[in-house]
Amino acid sequence: MPPVTLSNGADAASEESIDLPLFNISQETPELGRAIVKSAAKWGFLWITGSPASESGGDGGLYDLNEETVDHVFDISRSFFKDSPVSEKEECRIKNNRGFVGMHVENLDPTKHKRGDFKQAFNLADPDPATGQWRQPIPTTFKKNDAALRDFHARCRRIATRILRLIALGLSIDDVDWLVRSHENASHSARFLYYPSLQSDSDYDPEADIRAGAHSDYGSITLLFTRPDQPGLEILTPDGKTWASVPVFPENYHSKTFPPIVVNIGDLLSYWTNGLLKSTVHRVVVAPPSDNDGKSDSDRFSIAIFVQPSDDTVLMPIPSPLIEERAADFKGKIVGHGGGVVDAEALSSLTAGQHLSSRLRATYGSVYTEE
Ligand SMILES: O=C(O)CCC(=O)C(=O)O
Ligand SMILES: [Fe+2]
């Protein structure tokens, strides 16, 4: 059977799967940076190990995101989506891209799907470092787990910082903190995702609906945490037509219970590098085993950390020789996919904040509000 392509059906799971390159980021070297940049330029996606304590050596444990910590955060997420009353969710409904997103509220690919995505989400920005306060109303389930969520955010930020430094090393930027600096005062967002099981009485239509529509991410990088036995992520391969599924575990991975973190490049970093790094289009489908109606009796949970520079960051290309030489070719190229695309030239007069707002307006429609 040929692989499923963009033009023949919205959401059948792909026949092909892809083994992405896997990197252990417990060390920070130019060689590792170059290998990460190579993968980000080819696939826009890669895997990193979560640097469990036993491997983190010289980092003094700063980057530790072990199985227990991640499992606990997934337990909090499951409890919020599945056990908390509707009122708890309603009280924290999305505003300024923060809070609870109900079923079908977001439509990541409105060009292809009339109905919004078959998922629920909660976007939790990290606490304001100046005041220590959360920047949004917090549901009771999260309040009860305040320390665990703060800790998770802090650890994810350190991992993001390491990856940004590795990318800078790989791009031979003289100032290794060039990327980190524009992210220092920005709020990162953890997006808890819940894709409910699709029972036989669900009105999910496999010809028309999808769990998360095809899109590219809007920010710099995304860290994606997934669960064993819950596949569904697919990426558009470099030919621009073929979908490949990303398995939860790399082949021969040392663990069967703690998947590595998926890292992908967002539009801003693609733009910043004159398209060298790829902001790859991806989607979430109902993966096998699904029944004949394309439904699935299992829930899927994931957590995406959207790493974003400060709103006032001007989107000028990164000062790296590798990038400057691509400027002429990049002119007129399209950045982004799904809700709201921009051509590279228009983007050059924008700030990161303006770009984010325009893309959010396209995916949330009238639900998106700003203060
Ligand atoms: O749930 C997933 O695996 C991916 C989610 C995603 O791509 C997103 O929310 O941007
Ligand atoms: Fe995404």
Side-chain angles (χ1 to χ4, degrees), residues 11 13-14 17-18 20 40 43-47 70 73-74 77-78 81 94 97-110 112-113 116-125 156 160 188-198 210-236 243-249 259-270 277-287 296 298-308 335-341 356 359-360 362-364:
D11 55 353
S14 155
S17 94
I18 199 161
L20 295 169
W43 300 111
F45 270 77
L46 47 108
W47 273 309
V70 175
V73 176
F74 270 107
S77 171
R78 177 186 298 271
F81 287 115
I94 187 145
N97 198 28
R98 292 171 188 158
F100 174 68
V101 183
M103 196 73 163
H104 308 310
V105 167
E106 187 177 37
N107 190 348
L108 279 170
D109 189 3
K112 192 139 186 137
H113 306 282
D117 298 350
F118 269 68
K119 70 179 186 209
Q120 296 178 29
F122 192 98
N123 296 354
L124 180 69
C156 287
H188 295 183
S189 199
R191 155 167 273 211
F192 299 93
L193 284 148
Y194 166 46
Y195 304 88
S197 64
L198 301 163
I210 195 156
R211 275 187 154 164
H215 67 284
S216 59
D217 288 351
Y218 316 149
S220 310
I221 53 171
T222 305
L223 313 180
L224 180 70
F225 296 82
T226 59
R227 297 282 75 197
D229 304 320
Q230 297 181 9
L233 176 65
E234 294 191 344
I235 67 173
L236 199 57
W243 289 101
S245 61
V246 177
V248 173
F249 290 101
I261 305 172
V262 176
V263 177
N264 66 287
I265 302 296
D267 296 346
L268 294 186
L269 202 49
S270 182
L277 304 190
K278 300 287 177 307
S279 175
T280 295
V281 176
H282 52 286
R283 63 183 190 176
V284 179
V285 300
V286 179
S296 157
S298 49
D299 291 331
R300 182 176 187 275
F301 291 88
S302 64
I303 303 172
I305 307 291
F306 295 117
V307 177
Q308 179 77 19
V335 179
H337 178 95
V341 293
L356 180 67
R359 295 219 53 193
L360 289 172
T363 52
Y364 286 119

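Each residue takes its place number in the sequence, starting with 1. Excluded from the calculations below are hydrogen atoms, water molecules and symmetry mates; all remaining heavy atoms, backbone and side chain alike, are included. Counting convention: from 1, in listed order, for ligands and their atoms alike.
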Are Ile303 and Val73 packed together at the side-chain level, in the sense that at least one heavy-atom pair is separated by less than 4.5 angstrom? yes
What number of protein N, O or S atoms occur at distances under 2.8 Å from the Fe ion (ligand 2)? 3
How about Phe100 and Phe122: are their ring centres within less than 6.0 Å of each other? no
Do any nitrogen or oxygen atoms of Arg300 lie less than 3.5 angstrom from nitrogen or oxygen atoms of ligand 1? yes
Provide, to 0.1 Å, the distance between atom 4 (C) of ligand 1 and the closest protein heavy atom, together with that atom's residue and name. Val284 CG2, 3.6 Å
Arg98 versus Ala125, closest heavy-atom pair with distance: NE-CB, 3.4 Å
Any Asn107 side-chain heavy atom under 4.5 Å of Asp117 side chain: yes
Proximity to ligand 1 by part of Leu108, non-hydrogen separation under 4.0 Å: neither
Between Leu224 and ligand 1, find which residue part has any heavy-atom pair under 4.0 Å and reply side chain, backbone, both or neither. side chain
Sub-4.0 Å atoms of ligand 1 with respect to non-hydrogen atoms of Tyr195: 1 (O), 2 (C), 4 (C), 5 (C)
Can you sort out which atoms of ligand 1 are near Phe306, meaning under 4.0 Å from one of its heavy atoms? 8 (C), 9 (O), 10 (O)
What protein heavy atom is closest to atom 9 (O) of ligand 1, reported as residue, atom name and distance in Å? Leu193 CD1, 3.6 Å
Check whether the side chains of Asn123 and Arg191 place a donor and an acceptor atom closer than 3.5 Å, and report yes or no. yes
Going by heavy atoms in the side chains, are His215 and His282 under 4.5 Å from each other? yes
Any heavy-atom pair between the side chains of Thr226 and Leu233 that's under 4.5 Å? no
Within ligand 1, which atoms have a heavy atom of His282 less than 4.0 Å away? 7 (O)
Grab the two heavy atoms, one from Ala304 and one from Thr222, that are nearest each other, plus how far apart they are. CB-CG2, 4.0 Å
Aromatic ring proximity, centroids under 6.0 angstrom, Phe118 and His104: yes
Is any side-chain heavy atom of Tyr194 less than 4.5 Å from a side-chain heavy atom of Ser302? no
Which protein heavy atom lies closest to atom 6 (C) of ligand 1, and at what distance to 0.1 Å? His215 NE2, 3.8 Å
